[in-house]
> 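Submitted below is the structure of interest, expressed as structure tokens.
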Amino acid sequence: MTVEQADILFVDHAGVLGGAELSLADIATHFRARGRVLLLEAGPFEALLRARGVSVSVSESELGTIKKTSRLPGPRAIASALRAAASIARAAHGARLVYCNSPKSFLLAALAGLASGRPLIWHMRDIISPAHFSAVNRGVLRIAARVSGVIVIANSQATADAWVAAGGDRSRVHVVHNGIDPAPFDLLHASAGHEMRALLGVPANAFVVGSFSRLHPWKGHRVLFDALDSLPGIHALVVGGALFSGELEYEQELRARADAPPLAGRTWVLGARHDIPALMAACDVVVHSSVLPEPFGRVVVEAQLAGRP
């Protein structure tokens with residue numbers, strides 16, 4: 001299928017595998033006969049989509065310097081945004097609907113003037129609040145939404161309420177919770193957790209807590225580690241990796257702390273993994289310790305599917 005034959009153009013600025021990308025992968029897989037994905041960054045997300053039979057193309061951009069907390073972008077960032085917007089406009093030729101999976105992709109699609117020719121959807125997976133976004137970025141998103149007439153799909157009521165509080169039009173927001181396939185959890189055999197512990201070298205009789213998220217300070221791993229400091233009999237699995245620029249230093253901090261007393265020998269920082277159901281089966285409890293409001297908390301639903309408190 002060519003770009004011109006796609007009814008739906010899905011756009012994401014990231015090539016990594018975060019929660020937003022995993023959710024988009026499920027949606028794009030369902031609509032693979034009618035849709036195509038445009039990524040503005042190469043990475044493992046492209047490989048996942050191709051493995052699922054989704055038509056995907058990559059138009060490399062240099063948007064990494066534009067952050068949620070950024071103030072005014074510099075000339076280089078503006079030039080990169082203009083080039084990315086042009087790529088979206090070309091890819092959207094002939095599409096009946098443009099679906100944006102992130103604030104960046106929405107702004108770029110709005111910049112390309114796509115809303116004037118076809119419906120534009122922004123699947124909002126972020127809490128648009130001062131804790132996550134600068135005043136400049138909140139203002140730009142609000143103006144772009146008003147001018148483009150975008151329809152917003154919020155992944156939770158909390159996400160929708162934050163957007164309305166930031167000045168978004170409530171009448172154009174629809175709450176649709178993330179759907180997560182239970183099959184990988186339901187099909188797991190009873191001994192999977194024990195086998196995973198043996199593979200990792202975790203004592204069979206240990207009490208294990210699991211943390212599953214990207215490695216970013218707002219996800220609250222320091223809170224978990226502080227608790228483990230005072231719980232000498234508890235073991236922990238920390239699953240996830242640094243996804244974006246600036247997060248690698250935080251990952252190195254966590255690994256160094258896990259390798260030093262009092263956490264050494266009972267805390268495993270495993271990086272990004274694809275065997276989440278088996279890893280959750282190896283845990284007694286799943287801990288979600290975000291220190292800022294969470295848009296949806298995909299891992300909480302996954303823990304419920306795994307039968308773990």
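We count residues from 1, following the sequence as given.
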> Using atom types as modelled and distance alone, determine if a side-chain donor or acceptor of Arg138 lies under 3.5 Å from a backbone N or O of Phe133.
yes

> Do Leu24 and Val175 sit in one hydrophobic cluster, given that two such residues count as connected whenever their side-chain heavy atoms are within less than 4.5 Å of each other, even indirectly?
no

> Ignoring hydrogens and geometry, is there a side-chain-to-backbone donor-acceptor pair from Ser87 to Arg83 under 3.5 Å?
yes

> For the CE atom of Met280 and the CZ atom of Phe185, what is their distance to the nearest 0.5 Å?
5.5 Å

> Within the structure provided, determine whether Leu22 and Leu48 are in side-chain contact (heavy-atom separation under 4.5 Å).
yes

> Starting at CD of Glu251, measure out to CD of Glu247 and round the result to the nearest 0.5 Å.
9.0 Å

> Kindly compute the distance separating OG (Ser59) from CZ (Arg90), expressed to the nearest 0.5 Å.
6.0 Å

> Does one hydrophobic cluster hold both Ile180 and Leu279, with members joined at side-chain heavy-atom distances below 4.5 Å?
yes

> Passes side-chain hydrogen bond (donor to acceptor under 3.5 Å, both in side chains), Asn101 versus Ser105? Steps please.
CA-CA 7 Å; Asn101 197 50; Ser105 61; over 6 Å; no

> Going by the rule side chain to side chain donor-acceptor pair (under 3.5 Å), which residues pair with Gln252 if we only count those two or more places apart in sequence or in a different chain?
none

> For His174 and Ile151: C-alpha separation, side-chain torsions, deciding distance, then whether side chain to side chain contact (heavy atoms under 4.5 Å, CB included) applies.
CA-CA 8 Å; His174 305 269; Ile151 295 296; 3.8 Å; yes

> If the threshold is 4.0 Å, N to carboxylate O, is there a salt bridge linking Arg142 and Asp169?
no

> Quick test of your reading of the model: are Asp126 and Lys104 salt-bridged, counting only N-O distances below 4.0 Å?
no

> Is there a side-chain contact between Leu97 and Leu9 (heavy atoms, below 4.5 Å)?
no

> Does Gly149 offer a backbone N or O that forms a donor-acceptor pair with the side chain of Arg172 under 3.5 Å?
yes

> Roughly how far, to the nearest 0.5 Å, is CD1 of Ile127 from CZ of Phe296?
12.0 Å

> Any side-chain heavy-atom pair from His235 and Trp268 closer than 4.5 angstrom?
yes

> Between Arg197 and Pro203 (side chain of the first, backbone of the second, donor and acceptor by atom type, cut-off under 3.5 Å), is there such a pair?
yes

> Are the side chain of Thr267 and the backbone N or O of Ala264 linked by a donor-acceptor pair below 3.5 Å?
no

> Could you tell me which non-hydrogen atom of Leu38 sits nearest to which non-hydrogen atom of Ala91, and how far apart they are?
CD2-CB, 3.8 Å

> Would you check, one step at a time, whether the test side-chain hydrogen bond (donor to acceptor under 3.5 Å, both in side chains) holds for Ser213 with His288?
CA-CA 8 Å; Ser213 74; His288 193 62; over 6 Å; no

> Can you check whether Leu200 reaches Leu270 side chain to side chain, under 4.5 Å on heavy atoms?
yes

> Is it true that a side-chain atom of Arg34 and a backbone atom of His30 form a donor plus acceptor pair closer than 3.5 Å?
no

> Under a 4.5 Å cut-off applied to non-hydrogen side-chain atoms, are Val291 and Lys219 in contact?
no

> Could you tell me whether the side chain of His189 reaches within less than 4.5 Å of the side chain of Glu195, counting heavy atoms only?
yes

> Assess the residue pair Ser55 and Arg32 against the criterion (side chain to side chain contact (heavy atoms under 4.5 Å, CB included)); give the C-alpha distance rounded to whole Å, side-chain angles, the decisive distance to 0.1 Å, and a yes or no.
CA-CA 7 Å; Ser55 179; Arg32 59 177 172 258; over 6 Å; no

> Phe45 vs Val16, test: side chain to side chain contact (heavy atoms under 4.5 Å, CB included). Steps then yes/no.
CA-CA 5 Å; Phe45 189 23; Val16 298; over 6 Å; no

> Measure the shortest side-chain to side-chain distance between His123 and Cys100 over non-hydrogen atoms and say whether it is less than 4.5 angstrom.
no

> Please lay out, stage by stage, how Leu237 and Cys283 fare under the test side chain to side chain contact (heavy atoms under 4.5 Å, CB included).
CA-CA 8 Å; Leu237 304 181; Cys283 299; 3.9 Å; yes

> With Tyr99, which of Phe31, Phe106, Phe10 fulfils ring pair (Phe, Tyr, Trp, His ring centres under 6.0 Å)?
Phe10

> Which heavy atom of Pro182 sits nearest to which heavy atom of Leu305, and what is that distance?
CB-CD2, 3.8 Å

> Give the minimum heavy-atom separation between Leu188 and Ala192, together with the two atoms involved.
CG-CB, 3.6 Å

> Would you say Ser23's side chain and Ala20's backbone share a donor-acceptor pair under 3.5 angstrom?
no

> Any ion pair linking Arg125 and Asp12 (charged N to carboxylate O, less than 4.0 Å)?
no

> Which value, rounded to the nearest 0.5 Å, describes the distance between Leu49 atom CG and Leu17 atom CG?
8.5 Å

> May I ask you to list the residues sharing a hydrophobic cluster with Leu231, side-chain cutoff 4.5 Å, ordered by chain and number?
Phe207, Val209, Leu215, Leu224, Phe225, Leu228, Ile234, Val238, Tyr250, Leu254, Leu263, Val269, Val285, Val287

> Checking Ser289 side chain against Val223 main chain: does a donor-acceptor pair fall under 3.5 Å?
no

> A side-chain contact here means heavy atoms from C-beta on lying under 4.5 Å apart; do Val239 and Ile276 qualify?
yes

> Once you round to the nearest 0.5 Å, how far does OG of Ser129 lie from CG of Asp161?
12.0 Å

> Which atom pair, heavy atoms only, marks the closest approach of Leu120 to Ala109?
CD1-CB, 3.8 Å

> Under a 3.5 Å distance rule, please check whether Glu41 uses its side chain to pair with a backbone N or O of Gly15 as donor and acceptor.
yes

> Counting only heavy atoms from other residues, nucleotides and ligands, does the tally under 6.0 Å from NE2 of His194 exceed 12?
no

> Could you report the tightest heavy-atom contact between Ala42 and Val58, atom names first, then the distance?
N-CG1, 3.7 Å

> In terms of hydrophobic clustering (I, L, V, M, F, W, Y; side-chain heavy atoms under 4.5 Å; direct or indirect links), are Val301 and Val176 co-clustered?
no

> Are the side chain of Glu21 and the backbone of Gly18 linked by a donor-acceptor contact shorter than 3.5 Å?
yes

> Check Ala154 against Val173 and note the closest heavy-atom contact, atom names and distance.
CB-CG1, 4.0 Å

> Go through the structure and list residues passing salt bridge (charged side-chain N to carboxylate O under 4.0 Å, His left out) with Arg298, not counting sequence neighbours.
Asp26, Glu302

